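Beneath this line is the structure, given in structure tokens, with notes to follow.
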Amino acid sequence: MAYMITDACISCGACEPECPVSVISAGDDQYVIDASGCIDCGACANVCPVDAPRPE
Ligand code: SF4
Ligand code: SF4
């Protein structure tokens, strides 16, 4: 299981430095998670102001 970032993302960047395995990056329209490396910790969801990262 991994988290994914939904369309609700406003590209604030708050989640990127919180990821312990650095799999969050800025994409073209919003931030994205490389699901292959996500360890499902939920840290990104905890800091997101719009609740965009969700467990897949
Ligand atoms: Fe990174 Fe954890 Fe979010 Fe996965 S759930 S992208 S490991 S902060
Ligand atoms: Fe997008 Fe939420 Fe990450 Fe901000 S914290 S970049 S709104 S997913």
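Here the structure is a predicted model, which means the values were calculated and not measured. Start at 1 and go down the list; that is how both ligands and their atoms are numbered.
Distances below 4.0 Å separate heavy atoms of Ile33 from the following atoms of ligand 1: 6 (S). Within ligand 2, the atoms closer than 4.0 Å to a non-hydrogen atom of Ile5 are 8 (S), numbered from 1 in the order shown. Of all the atoms in ligand 2, the ones that sit under 4.0 Å from a non-hydrogen atom of Cys15 are 3 (Fe), 5 (S), 6 (S), 8 (S). Annotation for ligand 1: atoms under 4.0 Å from non-hydrogen atoms of Ile24 are 6 (S). For ligand 2, the atoms closer than 4.0 angstrom to any heavy atom of Tyr31 are 6 (S). Under a 4.0 Å criterion applied to the non-hydrogen atoms of Cys48, ligand 2 contributes the atoms 2 (Fe), 5 (S), 7 (S), 8 (S). Within the listing of ligand 2, atoms 7 (S) sit less than 4.0 angstrom from a heavy atom of Val50. Listed by atom number, the atoms of ligand 1 under 4.0 Å from Val23 heavy atoms are 1 (Fe), 6 (S).
The nearest pair of heavy atoms linking Pro17 to Ala14 is CD-O, 3.4 Å. Residues Val32 and Ile5 approach most closely at N-CD1, 4.0 Å, considering heavy atoms. Scanning all heavy atoms of the two residues, the minimum distance from Glu56 to Met1 falls at O-SD, 3.5 Å.
Judged by distance alone, the side chain of Gln30 and the main-chain N or O of Ala8 form no donor-acceptor pair under 3.5 Å.
Partner of Tyr3 under the side chain to side chain contact (heavy atoms under 4.5 Å, CB included) criterion, out of Val23, Ile24, Ile39, Ile33: Ile33 alone.
In this structure, CD on Glu18 lies 9.5 Å from SG on Cys41, to the nearest 0.5 angstrom. Separation of atoms SG (Cys9) and CG (Asp51) is listed at 12.0 Å; rounding is to 0.5 Å. We find the CD-OG distance between Glu16 and Ser22 to be 8.0 Å, quoted to the nearest 0.5 Å. Going from atom CG of Asn46 over to atom SG of Cys15 covers 11.5 Å, rounded to the nearest 0.5 Å.
For Gly42, the closest heavy-atom approach to ligand 1 falls below 4.0 Å.
With a 4.0 Å heavy-atom cut-off, ligand 1 is reached by the side chain of Val21 but not by its N, CA, C or O.
Among all protein heavy atoms, the one lying closest to atom 6 (S) of ligand 2 is Gly13 N, 3.2 Å. Atom 1 (Fe) of ligand 2 has Cys9 SG, 2.3 Å as its closest protein atom, hydrogens excluded (heavy atom only). Among all protein heavy atoms, the one lying closest to atom 4 (Fe) of ligand 2 is Cys12 SG, 2.3 Å. Counting only heavy atoms of the protein, atom 7 (S) of ligand 2 lies nearest to Ile10 N, 3.4 Å. Looking only at protein heavy atoms, the nearest one to atom 3 (Fe) of ligand 1 is Cys44 SG, 2.3 Å.
For Cys41, the nearest N, O or S atom to atom 2 (Fe) of ligand 1 falls under 2.8 Å. Under 2.8 Å from atom 1 (Fe) of ligand 1 lies no N/O/S atom of Cys38, from backbone or side chain alike.
In this structure the side chain of Val21 never reaches within 4.5 angstrom of the side chain of Cys38, judged on heavy atoms.
Counting heavy atoms of neighbouring residues, nucleotides and ligands inside a 6.0 Å radius, atom CG of Asp7 does not exceed 12 of them.
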